[in-house]
Enquirer: 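Below are the structure tokens for one structure; questions will follow.
Reckoned from all heavy atoms, side chains included, excluding hydrogens, waters and symmetry mates.
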Amino acid sequence: MTTIARSTDTLTRDALTVLQPGFVGTTAPDWLLRRIGEGLTSVGLFGRNIATADQLAALTAQLRSERDDVLVAIDEEGGDVTRLEVRTGSSFPGNLALGSVDDTDLTRAVAHELGRRLAACGVDLNWAPSADVNSNPDNPVIGVRSFGADPQLVARHTAAYIEGLQSAGVAACTKHFPGHGDTAVDSHHALPRIDADLDTLHARELVPFRAAIAAGSKSVMSAHILLPALDPTRPATLSPRVLTGLLREELGYDGLIVTDAVEMQAIASTYGIERGSVLAIAAGADALCVGGGLADEDTVLRLRDALVAAVRAGELPESRLADAAARVRALASWTREARGSVAGPGAAEGAASGSDIGLVAARRALRVTGSAAPLSAPPYVASFTPVANIAVGDETPWGVGVELSALLPGTVTGTYGPSADPASVLAAAGGRRIVAVVRDEHRHPWMSSALSALLSARPDTVVIEMGVPQAAARGSVHIATHGAARVCGRAAAEALLPTPPLP
């Protein structure tokens, strides 16, 4: 049972201030509003909290009725990771698509439009962009969330994204420091390890973060990864060498340091969330993200009380907690001022109207290989579906079936997993032309095998790759979308028509 501190003194308020918790529901529960009144300064939103733009605006207004400077944060990367459009798929193509186009003006414009829509709904801190260099093609959690595998390309687009987002009055949170790109393990499930030497880290992982700092990123999110070249014993989130020595002192970063979710198994299963949270603040973190999985009042109280107890026991300097809380309040002050300077239309109008820059970007990101007659009749879409990682989630639809159905009514779609039998796909397709949709084919041998069998039987099959296009292009036409967002599916579907729209 949690021992609840009754005092609302400075120490307890500071402990509440450094938390960024989530909750369940589309309205704020009483316990959350009460804790905001006691000092809680940040709230994190996820897909479960969002139904419509007007509902989201009402929710953020409800939170700010308790205190005007509350930070409302969200994990809205666009592309595969979307919370604003969790049930429909994103209107923005995501980082890999933007990196493949390599037009920083386009990236800046996309990020500004995304920020404008967030601001219209009252959201003012975005846990984005991902500045990870996706140097490991087998990475199970970054992939299309990265701008690419070239550090300099990732750096310039990270900077452009930050500039675009913050020009709309929404604070950026560049992640996952010092770089989650060279991992083969998802830190939601276990602790990844990167065995690169210091020279490699400085030439690869750290390049985009230097650019982010130069671009004025208001916050940086730490990664739950072990880098022995920097600290052989503690993951980055808990390492004074990484957060204070490297990020603060060597790189000169003076903004807010936010942890990735402390309930992720890389921390929870090795240190526990209470001990991990204390160590993170002691290491130099200023805010603790929690609530993607643990989204209740007891979690908030457990972490608050653990921090208070650590200060009173001499394990956490009170000055360090006070400094962390001051940085949170400083960002909250910036976002409150920014809200006033970029006030625009109402929530529904602001979130839904405006530029179609996302679709423009998705069209430009297409890479088409091969040549074949366009679709002249409704096809059969065979969607080969891998298990989604936790960051993406499995509630967001993806693919091209819905978009093709809108353009070619009568299109039929079938979904297939690791036990897919190519013969059943051929039987379901009948005489229709097949459009095979894959996602990270190179990481899934079952998918590659099924695709090979389909192409052997039906060489006119169109292949659409919606993940990282690492596998060789094949099929009568191969379209790499560089992401699985709804607009990526729309752009691919258009490209199969006799007269596709011009970018």
Side-chain angles (χ1 to χ4, degrees), residues 13-23 28-29 31-46 49-50 56-77 83-84 114-129 162 165-175 216-222 254-262 277 280-281 285-292 295 299-300 303-304 307 321-343 347:
R13 292 187 71 86
D14 283 352
L16 280 171
T17 297
V18 303
L19 303 181
Q20 293 191 344
F23 62 95
W31 69 261
L32 183 65
L33 298 175
R34 185 168 61 253
R35 301 305 170 190
I36 290 173
E38 293 175 2
L40 186 69
T41 308
S42 307
V43 176
L45 301 182
F46 298 87
N49 304 123
I50 300 169
L56 177 55
L59 171 57
T60 59
Q62 182 188 19
L63 295 171
R64 292 201 172 94
S65 68
E66 293 297 321
R67 58 182 302 167
D68 185 49
D69 65 344
V70 68
L71 277 167
V72 182
I74 198 169
D75 192 10
E76 179 58 55
E77 299 177 15
R83 312 307 178 206
L84 275 183
L114 177 59
R116 188 189 66 78
R117 296 188 192 187
L118 288 172
C121 296
V123 177
D124 51 15
L125 170 60
N126 191 10
W127 293 319
I162 290 165
L165 187 67
Q166 293 187 169
S167 70
V170 175
C173 185
T174 307
K175 61 188 184 186
S217 184
K218 293 297 179 181
S219 60
V220 168
M221 178 176 284
S222 67
D254 195 40
L256 189 76
I257 300 176
V258 183
T259 71
D260 209 342
V262 295
S277 295
I281 297 296
D286 305 306
L288 301 165
C289 177
V290 64
T299 298
V300 171
L303 298 187
R304 180 199 67 180
L307 293 168
L321 181 61
D323 174 65
R327 290 180 189 276
V328 174
R329 295 181 187 118
L331 181 57
S333 178
W334 180 87
T335 58
R336 181 171 55 182
E337 294 175 3
R339 282 200 306 275
S341 66
V342 296

Enquirer: Will you find, in the side chains of Arg329 and Thr17, an N or O donor that is under 3.5 Å from an N or O acceptor?
Expert: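 Judged by distance alone, the side chains do pair up.
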Enquirer: State, without any angle test, whether Trp334 and Gln166 hold a side-chain donor-acceptor pair at a distance under 3.5 Å.
Expert: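 Gln166 and Trp334 do not have a side-chain donor-acceptor pair below 3.5 Å.
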Enquirer: Between Asp124 and Arg339 (salt bridge meaning N to carboxylate O under 4.0 Å), is one present in this structure?
Expert: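 Yes, Asp124 and Arg339 are salt-bridged.
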Enquirer: Please determine if Asp14 and Arg304 form a salt bridge, counting it only when a charged side-chain N lies under 4.0 Å from a carboxylate O.
Expert: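 A salt bridge is absent here (no side-chain N lies under 4.0 Å from a carboxylate O).
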Enquirer: Measuring from Thr299:OG1 to Phe23:CZ, what's the distance to the nearest 0.5 Å?
Expert: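 One finds 14.5 Å between OG1 of Thr299 and CZ of Phe23.
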Enquirer: Salt bridge or not for Glu38 and Arg67, using N-O below 4.0 Å?
Expert: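 Looking at Glu38 and Arg67, the cut-off is not met.
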Enquirer: Measure the CD1-CE distance between Ile257 and Met221 for me, rounded to the nearest 0.5 Å.
Expert: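 The CE atom of Met221 is 12.0 Å from CD1 of Ile257, to the nearest 0.5 Å.
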Enquirer: Rounded to the nearest 0.5 Å, what separates atom CG in Leu256 from atom CG in Asp286?
Expert: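 Interatomic distance, Leu256 CG to Asp286 CG, rounded to 0.5 Å: 5.0 Å.
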Enquirer: If you measure from the Lys or Arg side-chain nitrogens to the Asp or Glu carboxylate oxygens, is any gap between Asp254 and Lys218 under 4.0 Å?
Expert: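 A salt bridge is absent here (no side-chain N lies under 4.0 Å from a carboxylate O).
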Enquirer: State which residue, out of Val262, Leu40, Thr41, fulfils the side-chain contact (heavy atoms from CB on, under 4.5 Å) condition with Leu19.
Expert: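 Checked Val262, Leu40, Thr41 against Leu19; only one passes side-chain contact (heavy atoms from CB on, under 4.5 Å): Leu40.
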Enquirer: Using the rule given for salt bridge (charged side-chain N to carboxylate O under 4.0 Å, His left out), can you reason through Glu66 versus Arg35, listing the C-alpha separation, both sets of side-chain angles and the distance that settles it, and then say yes or no?
Expert: CA-CA 9 Å; Glu66 293 297 321; Arg35 301 305 170 190; over 6 Å; no
Enquirer: Could you check whether any side-chain heavy atom of Leu16 comes within less than 4.5 Å of a side-chain heavy atom of Val300, counting everything from C-beta outward?
Expert: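 Answer yes - side chains close enough.
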Enquirer: Check whether any side-chain N or O of Gln62 sits under 3.5 Å from a backbone N or O of Ala28 as a donor-acceptor pair, and report yes or no.
Expert: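 Yes, the answer is positive, given that a donor and an acceptor are paired below the 3.5 Å cut-off.
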Enquirer: When you compare the side chain of Cys173 with that of Asn126, does any pair of heavy atoms fall below 4.5 Å?
Expert: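 A side-chain contact under 4.5 Å is absent here.
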Enquirer: Give the minimum heavy-atom separation between Ala172 and Ile162, together with the two atoms involved.
Expert: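 So the minimum-distance heavy-atom pair works out to CB-CG1, 4.0 Å.
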Enquirer: Are the side chains of Leu56 and Leu45 in contact, using a 4.5 Å heavy-atom criterion?
Expert: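 In short, these two side chains touch, coming nearer than 4.5 Å.
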Enquirer: Regarding Ser217 and Thr174, do their side chains bring together a donor and an acceptor under 3.5 Å, going by distance alone?
Expert: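 Yes, because at least one side-chain N or O of Ser217 sits under 3.5 Å from a partner of the opposite role on Thr174.
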